[in-house]
Each structure stands twice: as C-alpha cells, then as structure tokens.
Amino acid sequence: MKYKIAIDWGGTKTIVALIKNNKIIKKIKRMNNLKKSKILIVNQVINDIKLVSEGINKKNIQGIGIGVAG
C-alpha cells in the first residue's frame, strides 16, 4: 500500500496527516505558539511526521505535500 503525508501549516495551527487511498487514517493537530522559535516549530512538524508514519515502511510513502499560510 502507498501512503502520502499532508501538512497544513497555518498561522495558528498545524495539521499533519497520513493518507491512504485518499482517506485520512492518522492526524495530528497542534496549535502554533508563534512566540516559540521557528526551529522549535519546524522540529515539532518533523516529529509529527514521524508519529503519523510510525509502524509503516517508509518506502511505502509516495510523498509529502505542504500547504503554508502566507
């Protein structure tokens, strides 16, 4: 099975989702604390990608799409 990861990176929240057959099967939603450093926010998104893809073979991930506010 092939998977995709979708990231909605907004000004107030970030959603990271694992998608299979065009359906969301795992999702993490976090509020963005704009007072945090940008590096901490980037690291949180990276960690969320790892969490949603936990337990699947990374070779089965077709790609990652990112939508960013602004």
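Values below: all heavy atoms of this structure, side chains included; hydrogens, waters and symmetry mates excluded.
The environment of NZ in Lys59 is sparse: at most 12 heavy-atom neighbours from other residues, nucleotides or ligands sit within 6.0 Å. More than 12 heavy atoms of other residues, nucleotides or ligands lie within 6.0 Å of CG in Leu40, so this atom counts as buried by the packing criterion.
Other residues sharing the hydrophobic cluster of Ile24, ordered by chain and number and joined by side-chain separations under 4.5 Å: Ile19.
Remark: side-chain polar atoms of Lys26 are paired, donor with acceptor, to backbone N or O of Glu54 under 3.5 angstrom. The backbone N or O of Ser53 sits less than 3.5 Å from a side-chain atom of Lys58, completing a donor-acceptor pair.
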Can you list, pair by pair, the side-chain donor-acceptor contacts under 3.5 Å of residues 1-13, counting residues two or more places apart and other chains?
none

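Here the CZ-CG distance, from Arg30 to Asn47, works out to 7.0 Å after rounding to the nearest 0.5 Å. Rounding to the nearest 0.5 Å gives a distance of 12.5 Å between CG of Asp48 and CG of Leu18. Here the CE atom belonging to Met31 is positioned 9.0 Å from the OG1 atom belonging to Thr14, to the nearest 0.5 angstrom.
By the 4.5 Å heavy-atom criterion applied to side chains, Ile15 and Ile28 are not counted as neighbours.
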